[in-house]
Amino acid sequence: MECAKQLRSIIKQIDDDESVLDVGFASGHYLISIRNLNKISKYTGYDATKKYIQSAKKVFNNDKNASFVNGDIYDLNLKADIVFCCNVLHHLPDLKIPLNNLLKSFKKKLIM
């Protein structure tokens with residue numbers, strides 16, 4: 001949870017109209033931290049593991065501003081104001097395409 005605290009301190013605040021894309025969201029624990037900053041901003045969790053998507057849809061089913069997308073960082077084509085990708089890149093065999101995709105995905109802030 002230290003990573004979640006650090007992320008929250010980096011972002012500091014999220015405006016109501018700002019969207020958040022969490023690439024490689026896994027269990028969704030960053031969503032809890034995001035909701036401590038803003039209850040209504042649009043959040044999208046993006047992950048390659050279908051099991052995480054299914055679990056998040058159950059756990060966060062009451063959060064109407066959260067959605068979860070199954071996808072691969074090598075094919076990422078979503079956009080958001082704030083994009084973060086924590087604890088993912090060091091697991092990948094090649095970074096060129098994922099980094100290019102992340103750079104194209106954010107409008108205001110990219111946190112890796």
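Positions are given from 1 along the sequence.
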Task: Residue from L78, I73, V83 passing side chain to side chain contact (heavy atoms under 4.5 Å, CB included) with S105 - done: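 The single option meeting the side chain to side chain contact (heavy atoms under 4.5 Å, CB included) with S105 is V83.
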Validation: residues 14-21 side-chain donor-acceptor distances under 3.5 Å, sequence neighbours left out:
residue, atom, partner, partner atom, Å
D15, OD1, Q13, NE2, 3.1
D16, OD1, N38, ND2, 2.9
E18, OE1, D15, N, 2.8
E18, OE2, K108, NZ, 3.2
S19, OG, D81, N, 3.0
S19, OG, D81, OD2, 3.3

TODO: Apply side chain to side chain contact (heavy atoms under 4.5 Å, CB included) to I11 and I111, showing your working.
DONE: CA-CA 9 Å; I11 296 175; I111 302 162; 3.6 Å; yes
Task: Sequence neighbours excluded, every pair satisfying salt bridge (Lys or Arg N to Asp or Glu O under 4.0 Å) that has a member inside residues 92-101 - done: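 Every candidate salt bridge (Lys or Arg N to Asp or Glu O under 4.0 Å) pair involving residues 92-101 fails, so no pair, neighbours aside, qualifies.
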TODO: Return each pair, listed once, that meets salt bridge (Lys or Arg N to Asp or Glu O under 4.0 Å) where at least one residue sits in residues 97-107; pairs must be two or more places apart or across chains.
DONE: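 Not a single pair qualifies under salt bridge (Lys or Arg N to Asp or Glu O under 4.0 Å).
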TODO: Report yes if some heavy atom in the side chain of N61 is under 4.5 Å from a heavy atom in the side chain of K57; otherwise report no.
DONE: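 Sidechains of K57 and N61: no contact.
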Task: Note, T49 side chain near F25 side chain (heavy atom, < 4.5 Å) - done: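 Not touching, per the 4.5 Å side-chain cut-off.
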In residues 65-72, what donor-acceptor pairs under 3.5 Å come from side-chain atoms, sequence neighbours left out?
residue, atom, partner, partner atom, Å
N65, ND2, I40, O, 3.4
S67, OG, T44, OG1, 3.4
N70, ND2, D47, O, 3.1
N70, ND2, A48, O, 3.2
D72, OD1, Y74, N, 2.7

- [ ] With sequence neighbours excluded, give me every ring-ring contact (aromatic ring centres under 6.0 Å, His included) pair touching residues 32-52.
- [x]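 Of all non-adjacent pairs touching residues 32-52, none passes ring-ring contact (aromatic ring centres under 6.0 Å, His included).
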Task: Residue pairs involving residues 86-112 (criterion ring-ring contact (aromatic ring centres under 6.0 Å, His included); sequence neighbours excluded) - done: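 Checked against ring-ring contact (aromatic ring centres under 6.0 Å, His included) - neighbours excluded - no pair reaches residues 86-112.
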Task: Donor-acceptor contact below 3.5 Å, side chain R35 vs main chain S41 - done: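 Yes, because the side chain of R35 sits within donor-acceptor range (under 3.5 Å) of the backbone of S41.
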TODO: Determine whether more than 12 heavy atoms belonging to other residues, nucleotides or ligands lie under 6.0 Å from atom NZ of K42.
DONE: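 No, the 6.0 Å shell around NZ holds no more than 12 heavy atoms from other groups.
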TODO: Step by step, work out the side chain to side chain contact (heavy atoms under 4.5 Å, CB included) result for F60 and L31.
DONE: CA-CA 9 Å; F60 300 106; L31 176 54; 3.6 Å; yes
Task: Distance (rounded to the nearest 0.5 Å) between S55 OG and K50 NZ - done: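 The distance works out to 16.0 Å.
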